[in-house]
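Report on the following structure.
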Amino acid sequence: MVSADRLLAFAALSFLLVVIPGPSVLFVVGRALAHGRRAALTTVVGNTLGAYVLVVAVALGVGSVVERSVVVFTVLKLAGAAYLVHLGVRAWRERGSLRTAFAGDAQAHAEGRRTFWEGFAVGVTNPKTIVFFAAVLPQFVDRDQGGVAAQMLLLGLVFNIIAVACDSVWGLLAATARDWFARSPRRLSAVGGVGGLAMIGLGVTVATTGRRD
């Protein structure tokens, strides 16, 4: 298993990386502004589980394939970027009907499932995350202890627990601001549009950065 000092060092590094707002935070904030607190937290859970699938992929050796293949990296990057833009466009188009988000339990439950899977899709198609895990996790593995895959899974779990906590705080803060805007249909429509534009901008940023030669 991972030694305590390696685990603490990785946790400290993970916290420093997660606490600084990045693509995941911007995505969660965009969802919070567009759809509220429930959507933000559900998105965090889905996104984190998607990211953990990438941890499993790295532990099984798939991460090195993505890291070394320009084609695979580019396909994943563009797929994730296109999905972000799609979600942003939909949020923008639905900004005028956000008041209906406070509907019955059945509809809220269905929306929760959809939001979860949307977050999962974004998390599992994030090539930057899998490259990060592929590059960083092996550095904290003690190969003399054996169980390399298990050590990577544990380290990835630590990272994702920290990510859940930090991303949830950002989402709740954004949702709190949205609650104030919800007192006015016009303000709520405007903030929903901002959330949609934020996701579109994030998608464009993902598509145009991180090119590999």
Side-chain angles (χ1 to χ4, degrees), residues 10-58 76 79-88 90-91 94 98 101-102 105 107-133 136-137 153-182 191-192 194-203 205-206:
F10 180 77
L13 174 62
S14 299
F15 178 77
L16 291 176
L17 291 173
V18 170
V19 76
I20 300 173
S24 293
V25 170
L26 294 177
F27 175 59
V28 171
V29 168
R31 298 292 287 174
L33 293 177
H35 300 288
R37 182 177 291 105
R38 181 193 296 269
L41 295 180
T42 306
T43 296
V44 169
V45 174
N47 186 265
T48 302
L49 288 179
Y52 197 72
V53 169
L54 300 183
V55 173
V56 174
V58 169
L76 281 176
Y83 194 62
L84 282 169
V85 171
H86 164 72
L87 294 179
R90 191 172 71 193
E94 296 175 355
L98 291 180
F102 308 99
D105 291 339
Q107 181 177 347
H109 185 64
E111 287 294 318
R113 289 199 305 270
R114 188 182 73 173
T115 301
F116 171 83
W117 287 113
E118 288 173 348
F120 180 88
V122 171
V124 81
T125 56
N126 188 341
K128 293 183 178 180
T129 302
I130 195 169
V131 170
F132 166 76
F133 286 141
V136 174
L137 289 183
L153 292 175
L154 176 60
L155 292 169
L157 182 61
V158 170
F159 179 92
N160 280 281
I161 289 174
I162 295 172
V164 165
C166 293
D167 290 355
S168 295
V169 170
W170 280 107
L172 290 174
L173 289 174
T176 299
R178 179 185 183 272
D179 290 341
W180 179 82
F181 282 98
V191 79
V194 170
L197 290 175
M199 283 184 279
I200 293 172
L202 178 58
T205 301
V206 169

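Model, not experiment: these values are computed from the prediction. Side-chain atoms are counted along with the backbone in the values below, which use heavy atoms only and exclude waters and symmetry mates.
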Practice task
Please lay out, stage by stage, how Thr176 and Arg37 fare under the test side chain to side chain contact (heavy atoms under 4.5 Å, CB included).
Solution key: CA-CA 8 Å; Thr176 299; Arg37 182 177 291 105; 3.7 Å; yes
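- Smallest separation of non-hydrogen atoms from Ala51 and Phe133: O-CE1, 3.7 Å.
- Ring-centre distance between Tyr52 and Phe159: not below the 6.0 Å cut-off.
- Contact between Ala175 and Gly36 at its shortest, heavy atoms only, is CB-C, 4.0 Å.
- Once rounded to the nearest 0.5 Å, the distance linking OG1 of Thr115 with CG of Leu41 reads 11.0 Å.
- Taking CG of Leu157 as the start and OG1 of Thr48 as the end, the distance is 10.5 Å to the nearest 0.5 Å.
- The shortest heavy-atom contact between Ala32 and Gly171 is CB-O, 3.5 Å.
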Practice task
Give the C-alpha distance, both sets of side-chain angles, the deciding distance and a yes or no for side chain to side chain contact (heavy atoms under 4.5 Å, CB included) between Val45 and Val164.
Solution key: CA-CA 7 Å; Val45 174; Val164 165; 5.8 Å; no
Exercise for the section: Under the side chain to side chain contact (heavy atoms under 4.5 Å, CB included) rule, what do Thr43 and Glu118 come out as? Steps first, then yes or no, please. Expected result: CA-CA 7 Å; Thr43 296; Glu118 288 173 348; over 6 Å; no
Practice task
Check the pair Leu155, Val55 against side chain to side chain contact (heavy atoms under 4.5 Å, CB included), reporting the backbone distance first and the verdict last.
Solution key: CA-CA 9 Å; Leu155 292 169; Val55 173; over 6 Å; no
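- In this structure, Asp167 CG and Asn160 CG are separated by 9.5 Å, a value rounded to the nearest 0.5 Å.
- Across all non-hydrogen atoms, the minimal contact from Ser14 to Ile162 is CB-CD1, 4.0 Å.
- Trp117 and Phe120 have perpendicular rings, their planes meeting at more than 60° on a 0 to 90° scale where under 30° would count as parallel.
- Smallest separation of non-hydrogen atoms from Val158 and Ala11: CG1-CB, 3.9 Å.
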